[in-house]
Amino acid sequence: MTEVQNLRQRRQALQTELGALREQQERASRANSYALSRQRAGVTDHDESQMKVFADDEAAGEPAITDVRRQIESIDTELARDHGGGRPAEAGRRVMNWLRK
């Protein structure tokens with residue numbers, strides 16, 4: 001397998017991992033939001049320590065997601081720079097994200 005194929009395979013694996021992490025974070029966010037809304041309504045069985053667990057679960061996914069995104073971006077950069085095989089759509093997306101800031 002060539003280096004380009006290895007990089008693309010690694011990128012695909014990271015993309016799959018990113019999807020799973022996003023899904024996990026979304027579930028944690030929904031659980032935290034639901035628990036908070038029930039707490040505000042006064043109909044919850046969760047004590048402060050359980051509420052902290054919900055909040056921590058929601059926040060825990062962000063560093064992992066950021067790390068995987070950085071790895072994907074690094075692979076894209078290497079593919080574009082050294083191999084001319086980068087993904088033009090990804091580069092365009094990064095430019096648009098930068099312009100929105």
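Starting from 1, each residue takes its place in the sequence as its number. What you see is a predicted model, and the numbers here were worked out from it, not measured in a lab.
- Of the possible polar contacts, one joining the R38 side chain to the V43 backbone as a donor-acceptor pair under 3.5 Å is found.
- In this structure a side-chain-to-backbone donor-acceptor pair under 3.5 Å is missing from E62 to A59.
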Next item on the list: Would you check, one step at a time, whether the test side chain to side chain donor-acceptor pair (under 3.5 Å) holds for Q71 with R10?
Entry: CA-CA 9 Å; Q71 290 179 51; R10 175 71 179 138; 2.8 Å; yes
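- Between the CE atom of M51 and the CG atom of D56 there is a distance of 11.5 Å, given to the nearest 0.5 Å.
- A salt bridge between E26 and R30 is present, with a side-chain N of the basic residue lying under 4.0 Å from a carboxylate O of the acidic one.
- Contact record, A55 with N32: N-OD1, 3.6 Å, taken as the closest heavy-atom pair.
- Between K52 atom NZ and Q50 atom CD the span is 13.5 Å, to the nearest 0.5 Å.
- Separation of atoms CG (D76) and CD (E78) is listed at 10.5 Å; rounding is to 0.5 Å.
- From E48, atom CD reaches atom CD of Q39 across 5.5 Å, with rounding to the nearest 0.5 Å.
- Put simply, CD on E73 and CZ on R70 are 9.0 Å apart, with the number rounded to the nearest 0.5 Å.
- Here L21 contributes atom CG and T66 contributes atom OG1; the two are 10.0 Å apart, rounded to the nearest 0.5 Å.
- Note: the hydrophobic cluster containing L18 also contains I75 (ILVMFWY, side chain heavy atoms under 4.5 Å, direct or indirect links).
- Nearest approach of L14 to V68, heavy atoms of both residues: O-CG1, 3.4 Å.
- Every pair passing ring-ring contact (aromatic ring centres under 6.0 Å, His included) that includes a residue from residues 16-47 is listed here, sequence neighbours excluded: H46-F54.
- For Q25 against E58, the heavy-atom pair with the smallest separation is NE2-O, 3.5 Å.
- You'll find the side chain of R40 reaches within 4.5 Å of the side chain of L36, heavy atoms only.
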